[in-house]
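Scroll down for the structure; my scribbles are underneath it.
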Protein chains: 2
Amino acid sequence: MLEGSYIDETTPRPGERRIGPVSRPTRRGYHHGDLPAVLVREGVALLAEAGVAGFSVAKVAARAGVSSAAPYRHFPDREALLAACAAAILADLTGVLAWAAEQAGPDPVERLAATAGAYAGYVLGHRAGIDLVYSHDFGVTHREAVHEQSRRFMDVLMKLAADALPAGTSWAGVADLVYVHVSAAHGYAMLLAGGTRPPQNVEEHAARATAAARDHLTGHLARLRG
Amino acid sequence: MLEGSYIDETTPRPGERRIGPVSRPTRRGYHHGDLPAVLVREGVALLAEAGVAGFSVAKVAARAGVSSAAPYRHFPDREALLAACAAAILADLTGVLAWAAEQAGPDPVERLAATAGAYAGYVLGHRAGIDLVYSHDFGVTHREAVHEQSRRFMDVLMKLAADALPAGTSWAGVADLVYVHVSAAHGYAMLLAGGTRPPQNVEEHAARATAAARDHLTGHLARLRG
DNA sequence: GTCTATATGGCGATAGAC
DNA sequence: GTCTATCGCCATATAGAC
């Protein structure tokens, strides 16, 4: 039921793969310290390996070492678990992007461009997981947790984009840029992640995504200047 | 088994939605003139409505008005039918992109940019169908039909990109641009298509995808010129 | 080539013991 | 909270009649 957040609040580094609090000290003497968190963690891992199509509550339960009925004590149905996984992925990704911008130095264009590379690197590392966030229709019931994380994700990018654009650019103008920026990074990563080929050259591909974003920003700014 | 091609060889117009030869004159007195073609057509329609997750041989058979066993006379398994659908979608899309470039006039940059808008428009019109092409892992057995269409798809764009780039640009340089170009269009379309919201403003979104591609090309060319 | 019928198996979800 | 057991559903795929 999503009581509380399964998301690690500390900002993760790109390589770490850490998504939820793996072992928060147990509150009482249950079999698991925190089964909901374990389920989300295993769900995210399963999504990365098998995609949304290969996702099932039973498999997640088996991974977590509990019976197939156990998850239903914490999540009312499959969609709820799926939504929790999506929210966790988005939160993690947001942290990764913020961190990448931080590392990119002071130039606003470079900071925004770096998020494209980080996005591509993240998706290549997490495979199918990310397609869930965008291509799955969450029912109204479960949409909110995902939406909240989605908002935080956009906040980070909007701020970076506003810095990169001329002072006084309208909100709509900033949003347009962010949308295209995210789209391009997403598309680049999805095309790469689509094949079965292993995620080799992740660094190189991330660098290309960054370069593409830089090119786009350059052209965009040139057009704005007339 | 893909004996022959179910793909309409005449170049389709963007709006038409025509994918396979719907009623090629029957050869003998069977119930259906060409069940394989009908199955592919219905499969593509089902993919557009329900996505890969909602795809099943039984549903396609029902749509085609035959029993759930009938498809297995023509396609050895579910994957084969799925691959045939993917190939049909890719072939159709290739035609749409070529047509869009044709309509865009003589300027090479505009011609290439127009394909991004056409791509976005196509995906918005066909919804989930296109994610199959990129995000589904076809087994080695069925990969070839898809791969052949994928090659033709890239050929069209490589030619357009080569025209837009400075004379003498290396093959790798052209390929890099095409990859980023397709990725951005794909990402833009997927983000839009991801939600449940109806495909309103398709024209407007296609125009934005075109503009984004134009910006990217501008920046890319500027960087090449130093 | 297409049908009816069926074997097989997985998944979602619930009931009730502990 | 977790388990075992189970129901119902749907999908893939096959067997054999026509």
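Hydrogens, waters and symmetry mates are skipped; everything else that's a heavy atom, side chains included, is used. Numbers restart at 1 for each chain; the letters A, B, ... are given by sequence-line order, proteins then strands. As the structure is a prediction and not an experimental result, all values here were calculated from the model.
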*Using a cut-off of strictly less than 4.0 Å, decide whether A:Ser67 has a side-chain nitrogen or oxygen near OP1 or OP2 of D:dT2.*
no
*Any B:Arg78 side-chain N or O less than 4.0 Å from OP1/OP2 of D:dT12*: yes
*For the pair B:Lys59 (side chain) and B:Leu46 (backbone), establish whether a donor and an acceptor sit closer than 3.5 Å, ignoring hydrogens and angles.*
no
Nearest-angstrom distance from the residue atom [atom1] of [X] to [atom2] of [N]:
X	N	atom1	atom2	result
A:Asp77	D:dG8	CG	C1'	17 Å
B:Glu79	D:dA11	CD	C1'	14 Å
B:Phe75	C:dG1	CZ	P	13 Å
A:Leu81	C:dC11	CG	P	14 Å
B:Phe55	D:dC10	CZ	P	18 Å
B:His74	C:dT2	NE2	C1'	8 Å
A:Leu82	C:dC11	CG	P	14 Å
A:Tyr72	C:dG16	OH	C1'	18 Å

*asked:* Between B:Lys159 and B:Asp155 (salt bridge meaning N to carboxylate O under 4.0 Å), is one present in this structure?
replied: no
*Flag for B:Asp77-B:Tyr72: side-chain donor and acceptor within less than 3.5 Å*: no
*With a 3.5 Å cut-off and no angle check, do the side chains of A:His186 and B:Ser183 form a donor-acceptor pair?*
no
Counting only side-chain heavy atoms from C-beta out, which of [options] sits nearest to [X]?
X	options	value
A:Arg73	C:dG1, D:dG1, D:dA11	D:dG1
B:Lys59	D:dA13, D:dT12, D:dA11	D:dA11
B:Ala69	D:dA15, D:dT12, C:dT14	D:dA15
A:Val66	D:dC3, C:dC3, D:dT12	D:dC3
A:Ser56	D:dT12, D:dT2, C:dC11	C:dC11

*asked:* So A:Tyr122 and A:Asp92, do their side chains get closer than 4.5 Å, heavy atoms only?
replied: yes
